[in-house]
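Written below as structure tokens is the structure these notes are about.
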2 protein chains.
Amino acid sequence: MNIGDVADLSGLPAKTIRYYEDIGLVEPLRSSNGYRSFRQSDVHKLAFLGRARALGFTIEDCRSLLKLYADTDRASAEVKQIAEEHLDRIDSKIAELTEMRATLSHLVDACAGDHRPDCPILADLAMEHKAGSISKASG
Amino acid sequence: MNIGDVADLSGLPAKTIRYYEDIGLVEPLRSSNGYRSFRQSDVHKLAFLGRARALGFTIEDCRSLLKLYADTDRASAEVKQIAEEHLDRIDSKIAELTEMRATLSHLVDACAGDHRPDCPILADLAMEHKAGSISKASG
DNA sequence: GTTGACCTTCCAGTAACTGGAGGCCCTATC
DNA sequence: GATAGGGCCTCCAGTTACTGGAAGGTCAAC
């Protein structure tokens, strides 16, 4: 199977598949013409990678997960640990974004958004922030 | 004022401040010894940048915001637009992460996390995903 | 034999820094 | 005057996970 077919099957761009080979996540064979030749197992691996990446696992996580997947003697605890750490990272990120969102949406609500120059958003960014941040936004 | 003092005042690492100069966000003067010499206005700008970055604005957003901040003839609508677009990006990101979180937490809950090899997490990553994804996770 | 699609490699760029090497400047102390 | 220590300088490379593009080989069809 050539890279184009695998790209179609796995949903990953050919570029990405080549990149995954570069960093050692897959090792397709080579045809006599130099083209990569993917086996079913390669396609399977790539689909696995695509799903793991879609869940936000890092490439290094993926590498570990693939290793565990290949190891039928693995302990599920190892897999679970990776997933839980990732879950924690996601939670932190969500918390961070949610805070940003709250502040920002206050500011946006407070801004008239008209032709006049007065702008609570800029005012907030410019101010010294001695005490509580958005102060008068009553929302 | 030397870069170290400004770093302390603004909370930004000296490296970051140099970087911001590189990309033209601030233009400190230079002392005769070659050291950067920051004015109050530079410090103010850097603090502004620090807060904008903390709200997740991109560097290019920051550049635009600084420009608007400096322009007393600005329309607040321009500022608001930047903020709203950013808010949308944040919302998309939160939605994406929340979805990941949901799937992942189902999988984590379904995984025994013991010495045995059976693992719903790996099973899910490996499977063909013909229909609905997590299927039997009753949570 | 020539299109045109597909494949190859290699290089550069993305976002926003961060780390480190190699080296100058300044102050204090002996 | 020499030295130790910090702080400052520039420049280069690395981070994450790709993505775009150039230059060129391969293959099937017409």
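Throughout, a chain's letter reflects where its sequence line sits, starting with A, and its residues are numbered from 1. Predicted model, so just to flag it, every value in this text is computed and none were measured.
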For B:D118 and A:S76, which I'm curious about, is there any donor-acceptor pair between the side chains at under 3.5 Å? no

Please determine if B:R101 and A:D91 form a salt bridge, counting it only when a charged side-chain N lies under 4.0 Å from a carboxylate O. yes

note: A:R18, atom CZ; C:dT9, atom C1'; distance rounded to Å ~ 9 Å

Give the rounded distance in Å between these two atoms: CZ of A:R30 and P of D:dT26. 14 Å

Could you tell me whether A:F57 contacts a base, only the sugar-phosphate backbone, or nothing, with contacts defined as non-hydrogen atoms closer than 4.0 Å? nothing

Any salt bridge linking B:K93 with B:E99? Criterion: basic side-chain nitrogen under 4.0 Å from a carboxylate oxygen. no

Mind calculating the distance between CG (B:N2) and P (C:dC24) to the nearest angstrom? 19 Å

Distance, rounded to the nearest Å, where A:K15 contributes NZ and D:dG21 contributes C1': 7 Å

Could you list the protein-to-nucleotides 27-29 of chain D atom pairs, N/O on both sides, closer than 3.5 Å?
residue, atom, partner, partner atom, Å
D:dC27, OP1, A:N33, ND2, 3.1

From CD1 of B:I23 over to P of C:dT14, roughly how many Å is that when rounded to an integer? 12 Å

Have a look at A:I3 and say if it touches a base, only the backbone sugar-phosphate, or nothing, with a 4.0 Å heavy-atom cut-off. sugar-phosphate

How close or far is atom P of C:dA16 from atom CG of B:L49, stated in whole angstroms? 12 Å

For A:Y19 and D:dC18, what is the distance between atoms OH and P respectively, to the nearest whole Å? 6 Å

Taking OP1 and OP2 of D:dA17, is either one under 4.0 Å from a side-chain nitrogen or oxygen of A:R63? no

